[in-house]
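Structure, as structure tokens:
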Amino acid sequence: MLDIQLLRADLAQVADRLATRGIALDTAAFAALETERKTLQTRTQDLQAKRNSLSKQIGMLKGKGEDASAVMAEVAGLGGELKANEEALAQLQERYNAFVAVIPNLPHASVPVGQDEHGNVEVLRWGTPRVFDFPAKDHVEIGEKLGGLDFETAVKISGARFSVMKGGIARLHRALAQFMLDTHTAEHGYTEVYVPYLVNPDSMFGTGQLPKFEEDLFQVPRADGTKLYLIPTAEVPVTNIVRNEIVDLAKLPLKFVCHTPCFRSEAGSYGRDTRGMIRQHQFDKVELVQIVHPEKSWQALEELAGHAEAILQKLELPYRKVALCTGDMGFSAAKTYDLEVWLPAQNTYREISSCSNFEAFQARRMQARFRNEKNKPELVHTLNGSGLAVGRTLVAILENYQRADGSVAIPKALAGYMGGMEALELPR
RNA sequence: GGAGAAGUGGCCGAGUGGUCGAAGGCACGCCCCUGCUAAGGGCGCAUCUGGGCAAAACCUGGAUCGAGGGUUCGAAUCCCUCCUUCUCCGCCA
């Protein structure tokens, strides 16, 4: 959520910056809401003040054993008008909140301006895509020949956009998650956490998935009429650890790493990436989350992206780092770097990690604060990034490490996680 | 699932209809005293938010005692619903 004071004080500038995201802020509507709010709120609070002081008088008179009936008659006359004003104000607040809740974050000054993914700016490339002396196959063909990827069975069990893994590929998938967790905890200073995969609406609001993106989420209705949501990313439960909390200054930064499945309905993506494991309803991801002092968040973003990059480098997977442009960034982000891994079969780089600084946008929705140097509560800054998406990392390894005979070499960094196995071999 | 108890500031904890946004303690901050390792004294110290006001200082309001409703001129206090925690019983990986 944006700072309401900023909207009131500098509406035109906010609108300009949102325009770079392709968002047309209805400034007239906001100004109208604001005017209405001002008069209603002032009127209501005046009435409340009057009622409060008269009621206090009644208390004093009764305390002294004197007659209070005259004052009581006076305050009784306020009732109807006060109630009407309070109700009108509550309704207005609801409209006001609904208006503000769907305004995305403002892009940081360093974010390239652009309309869509074509405006993204490559920051760096690492590694050299391998040149194959045989026709490179895609991960679906590789995995099926190895007997380890089975999409038909997944369709039978659940439907499209699910996968079944077996044998060495299932183990490689598990090994990747373990490897990532171990690296981030041992080398990058993150604390491993385990969290719920079903969360309540307040948590989804806190990180910005609600109210605007409900159609992207899987819902679990409950008998009492409430519902839970399957997490689309560990960002949601992990960041919400600090919702409604005031963290000690000395505890910052909080750095969490968490391996979870992620569930996305992928509404509106029919026909995109239908083949293979690239776009699934369920996939595993190791997520990095940082809760930091506001003055440290931009440095933290660079570090966090570096932590994700370290995984790709250890696995020796060529990748590039891209700064998303204003038009391509997610709702809550002030700035986002995508890491894109080289996929030989697609002959292109594909997103494998997304690292963002949300500044106080999520913290304000969550009321996540710390006690600052003056001992006053102040909003924290939140960041997160994939470190990495496990399924897509598996795809990258299958494709980049494939050999002419259909087997797949195991990256050296994973040796300790694969029981000494050096390659996934074809079944005889 | 059944029975009972409870949720108050950063923490502990008092407060069953009226000068209560809330005693007291701990922690924290500033100051004083003392020179000797530990204490004594004073002051301050919840959050969000409106208006005067464009901003600072300042002034003046409103809301908040788990959440939401209700009763009342007035609710931390009474009533209802929900949530959470604890104890006992049942069930269970």
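A, B, ... follow the sequence lines: proteins, then strands. Residue 1 opens every chain. Just so you know, these numbers use all the heavy atoms, side chains as well, and skip hydrogens, waters and symmetry mates.
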Could you tell me the separation between the [atom1] atom of [X] and the [atom2] atom of [N], rounded to a whole number of Å?
X: A:Met366; N: B:C48; atom1: CE; atom2: P; value: 16 Å
X: A:Asn244; N: B:C83; atom1: CG; atom2: P; value: 19 Å
X: A:Asn372; N: B:G10; atom1: CG; atom2: C1'; value: 14 Å
X: A:Asp248; N: B:G10; atom1: CG; atom2: C1'; value: 8 Å
X: A:Ile246; N: B:C45; atom1: CD1; atom2: P; value: 17 Å
X: A:Leu47; N: B:G51; atom1: CG; atom2: P; value: 17 Å
X: A:Lys38; N: B:U49; atom1: NZ; atom2: C1'; value: 14 Å
X: A:Glu245; N: B:G9; atom1: CD; atom2: P; value: 13 Å

Rounding to the closest angstrom, what is the interatomic distance between [N] and [M] at atom [atom1]?
N: B:C78; M: B:G17; atom1: C1'; result: 8 Å
N: B:G15; M: B:A76; atom1: C1'; result: 8 Å
N: B:A22; M: B:C36; atom1: P; result: 42 Å
N: B:G21; M: B:G62; atom1: P; result: 10 Å
N: B:G7; M: B:U64; atom1: C1'; result: 16 Å
N: B:G68; M: B:C73; atom1: P; result: 23 Å
N: B:G24; M: B:C45; atom1: P; result: 12 Å
N: B:A38; M: B:A56; atom1: P; result: 47 Å

Whether [X] contacts [N] is assessed here as follows: a side-chain N or O lying under 4.0 Å from the phosphate OP1 or OP2. Is that the case?
X: A:Lys376; N: B:U47; result: yes
X: A:Arg371; N: B:G29; result: no
X: A:Arg369; N: B:C48; result: yes

Side chains of [X] and [Y], donor plus acceptor under 3.5 Å:
X: A:Asn52; Y: A:Ser55; value: no
X: A:Gln280; Y: A:Ser163; value: yes
X: A:Gln290; Y: A:Glu303; value: no

Exceeds 12 heavy-atom contacts within 6.0 angstrom, atom CD of A:Glu152: no

Of all the choices, [options], which nucleotide is nearest to the side chain of [X] once you look at every atom?
X: A:Lys62; options: B:C48, B:U19, B:C73; result: B:C73
X: A:Ser55; options: B:G21, B:G18, B:G51; result: B:G18
X: A:Pro377; options: B:G50, B:U19, B:U47; result: B:U47
X: A:Thr42; options: B:U19, B:G51, B:C28; result: B:G51

Pick out the pairs of N or O atoms, protein on one side and nucleotides 60-63 of chain B on the other, that lie under 3.5 Å.
{"residue": "B:G61", "atom": "N2", "partner": "A:Gln45", "partner atom": "OE1", "Å": "2.8"}
{"residue": "B:G61", "atom": "N2", "partner": "A:Gln45", "partner atom": "NE2", "Å": "3.2"}
{"residue": "B:G62", "atom": "OP1", "partner": "A:Asn52", "partner atom": "ND2", "Å": "3.1"}
{"residue": "B:G62", "atom": "O3'", "partner": "A:Gln48", "partner atom": "OE1", "Å": "3.2"}
{"residue": "B:G62", "atom": "O2'", "partner": "A:Gln48", "partner atom": "OE1", "Å": "2.9"}
{"residue": "B:A63", "atom": "OP1", "partner": "A:Arg51", "partner atom": "NH2", "Å": "3.1"}
{"residue": "B:A63", "atom": "OP2", "partner": "A:Asn52", "partner atom": "ND2", "Å": "3.3"}

Under 4.0 angstrom, heavy atoms only, what part of the nucleic acid is A:Ile58 near: base, sugar-phosphate, or nothing? base

Taking only residues at least two apart or on different chains, which pairs with a member in residues 142-166 of chain A satisfy ring-ring contact (aromatic ring centres under 6.0 Å, His included)?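 Qualifying pairs: A:Phe162-A:His281.
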
ring-ring contact (aromatic ring centres under 6.0 Å, His included) pairs, two or more places apart, involving residues 221-256 of chain A: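 Output for this query is empty, none listed.
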
Hits for side-chain contact (heavy atoms from CB on, under 4.5 Å) against A:Ala29, two or more places apart or cross-chain, chain-then-number order -> A:Asp26, A:Phe99

Which residue lies more 5' along RNA chain B, comparing A:Val75 with A:Gly59 via nearest heavy atoms: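 The residue whose closest nucleotide sits nearer the 5' end is A:Gly59.
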
Between A:Glu378 and A:Ala9, which is nearer to the 5' end of RNA chain B once each is assigned its nearest nucleotide?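 This one resolves to A:Glu378.
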
is_close_aromatic(A:Tyr197, A:Phe263), centroid dist under 6.0 Å: no

RNA chain B: stems of at least 3 consecutive Watson-Crick or G-U pairs whose donor-acceptor distances fall under 3.5 Å: B:1-7 with B:83-89, B:10-12 with B:24-26, B:28-32 with B:40-44, B:46-52 with B:58-64, B:66-70 with B:78-82

Got a donor-acceptor contact below 3.5 angstrom from the A:His188 side chain to the A:Tyr190 backbone?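 Judged by distance alone, no pair lies under 3.5 Å.
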
Closer than 3.5 angstrom, by distance alone: can the side chain of A:Asn105 be matched with the main-chain N or O of A:Ser332 as a donor-acceptor pair?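 Yes; judged by distance alone, with no hydrogens or angles, the pair exists.
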
Would you mind writing out the side-chain donor-acceptor pairs for residues 409-428 of chain A within the sub-3.5 Å range, not counting sequence neighbours?
{"residue": "A:Tyr417", "atom": "OH", "partner": "A:Asp182", "partner atom": "OD2", "Å": "2.7"}

